[in-house]
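Here is the structure we will look at, set down as structure tokens.
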Amino acid sequence: MTYEMENTRDVVRELLRRIAGGDHDGAAGMFAEQIDWRLSWPAEGHPEVPWIRPRSTRAEVADHFRALNAHHVPELNGTSVTRILVDGADAVVLGEIVQTVRGGGAAYRSPFALHLTVEDGLITRYHIFEDSLTVARALGAA
């Protein structure tokens with residue numbers, strides 16, 4: 001394994017640790033000032049899911065994680081990671097999102113794939129693919 005791959009894996013693991021721990025500012029601090037951000041949703045987003053919107057800066061990343069937390073019950077988060085695949089500066093995280101919506105209790109599950117790129121120790125790409133219809137339905141039900 002090359003140093004670049006080890007560094008990528010370490011950065012990804014630390015990001016996941018911070019997100020799971022609710023350290024939104026700490027997670028955001030791991031991103032470059034400008035990032036390539038994509039969520040698997042229509043470009044216009046969805047009115048029931050306020051955290052879905054274009055983002056391109058480190059400051060907007062913290063806002064994304066705060067909004068996710070504000071609309072879910074953190075104590076009921078059962079999100080899990082099943083695999084981290086690394087190829088140089090790129091990593092793919094595979095797992096399952098398990099969340100419960102605040103203010104109504106609708107629970108949902110969705111497989112996910114997260115594509116990250118790490119350059120000079122900072123995350124420059126964050127592309128997440130999930131079952132957006134399941135998420136929208138759960139938020140709409142709440």
Side-chain angles (χ1 to χ4, degrees), residues 1-102 105-142:
M1 185 180 305
T2 68
Y3 170 76
E4 181 181 41
M5 289 173 67
E6 286 180 40
N7 183 54
T8 299
R9 186 176 303 279
D10 290 344
V11 169
V12 169
R13 284 182 175 152
E14 181 61 17
L15 174 68
L16 296 172
R17 187 190 70 73
R18 291 181 187 190
I19 291 170
D23 182 3
H24 312 303
D25 291 326
M30 298 184 69
F31 285 78
E33 286 295 333
Q34 294 293 308
I35 57 169
D36 176 11
W37 181 274
R38 184 183 328 153
L39 304 175
S40 61
W41 288 74
E44 67 275 6
H46 191 282
E48 301 291 340
V49 189
W51 63 86
I52 303 301
R53 63 179 184 78
R55 298 177 195 275
S56 61
T57 68
R58 178 185 294 158
E60 292 171 329
V61 170
D63 179 61
H64 171 80
F65 292 123
R66 278 191 207 94
L68 268 170
N69 193 56
H71 290 88
H72 294 93
V73 181
E75 300 79 25
L76 299 178
N77 181 339
T79 299
S80 61
V81 171
T82 56
R83 182 147 309 172
I84 300 172
L85 307 167
V86 177
D87 182 17
D90 290 296
V92 174
V93 180
L94 302 173
E96 182 179 48
I97 297 166
V98 179
Q99 291 276 26
T100 300
V101 179
R102 209 181 277 279
Y108 65 91
R109 302 173 91 88
S110 169
F112 76 90
L114 172 62
H115 177 193
L116 299 164
T117 301
V118 176
E119 298 176 41
D120 298 322
L122 295 173
I123 299 164
T124 59
R125 176 189 332 233
Y126 184 97
H127 292 185
I128 189 158
F129 305 91
E130 62 190 0
D131 182 353
S132 55
L133 181 58
T134 294
V135 177
R137 284 181 177 159
L139 271 284

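Along the sequence shown, residues are numbered consecutively beginning with 1. When reading the values below, keep in mind they use all heavy atoms of this one structure, side chains included, and skip hydrogens, waters and symmetry mates.
Distance alone, capped at 3.5 Å, places no donor-acceptor pair between the Thr117 side chain and the Thr124 backbone. A donor-acceptor contact shorter than 3.5 Å is absent between the side chain of Arg13 and the backbone of Ile84.
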Residues 30-39 side chain polar contacts: donor-acceptor under 3.5 Å, at least two apart:
from	atom 1	to	atom 2	distance (Å)
Glu33	OE2	Arg58	NH1	2.6
Asp36	OD1	His127	NE2	3.1
Asp36	OD2	His127	NE2	3.1

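Here the CG atom belonging to Leu68 is positioned 9.5 Å from the CG atom belonging to Asn77, to the nearest 0.5 angstrom. A distance of 10.0 Å separates OH of Tyr126 from CZ of Arg55, quoted to the nearest 0.5 Å. To the nearest 0.5 Å, atom CG of residue Leu15 and atom CD1 of residue Ile123 are 4.0 Å apart.
Put simply, the side chain of Gln99 does not reach to within 4.5 Å of the side chain of His71, judged on heavy atoms.
For the residue pair Arg102 and Pro74, the shortest heavy atom distance occurs at NH2-CD, 3.2 Å. For Gly29 against Leu122, the heavy-atom pair with the smallest separation is O-CD2, 4.0 Å. Considering every non-hydrogen atom in both Ala138 and Val101, the closest pair reads O-CG2, 3.9 Å. The minimum heavy-atom distance linking Ala62 with Asp25 is given by the pair CB-OD1, 3.7 Å. Of all the heavy atoms in Ser110 and Asp131, the pair that sits closest is OG-N, 2.8 Å. When all heavy atoms are compared, the tightest approach of Gly88 to Thr8 is O-OG1, 2.8 Å.
With sequence neighbours left out, Val98 forms a side chain to side chain contact (heavy atoms under 4.5 Å, CB included) with Glu96, Arg109. The side chain to side chain donor-acceptor pair (under 3.5 Å) test applied to Tyr108 returns His72, not counting sequence neighbours.
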- Task: Any chance you could lay out the side-chain contact (heavy atoms from CB on, under 4.5 Å) test for Phe112 and Thr79, step after step, and finish with the verdict?
- Result: CA-CA 10 Å; Phe112 76 90; Thr79 299; 4.2 Å; yes
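With respect to Arg137, the side-chain contact (heavy atoms from CB on, under 4.5 Å) criterion is satisfied by exactly one of Val135, Leu133, Leu139, Thr134: Leu133.
Taking a cutoff of 4.0 Å between a charged side-chain nitrogen and a carboxylate oxygen, Glu6 and Arg9 do not qualify as a salt bridge.
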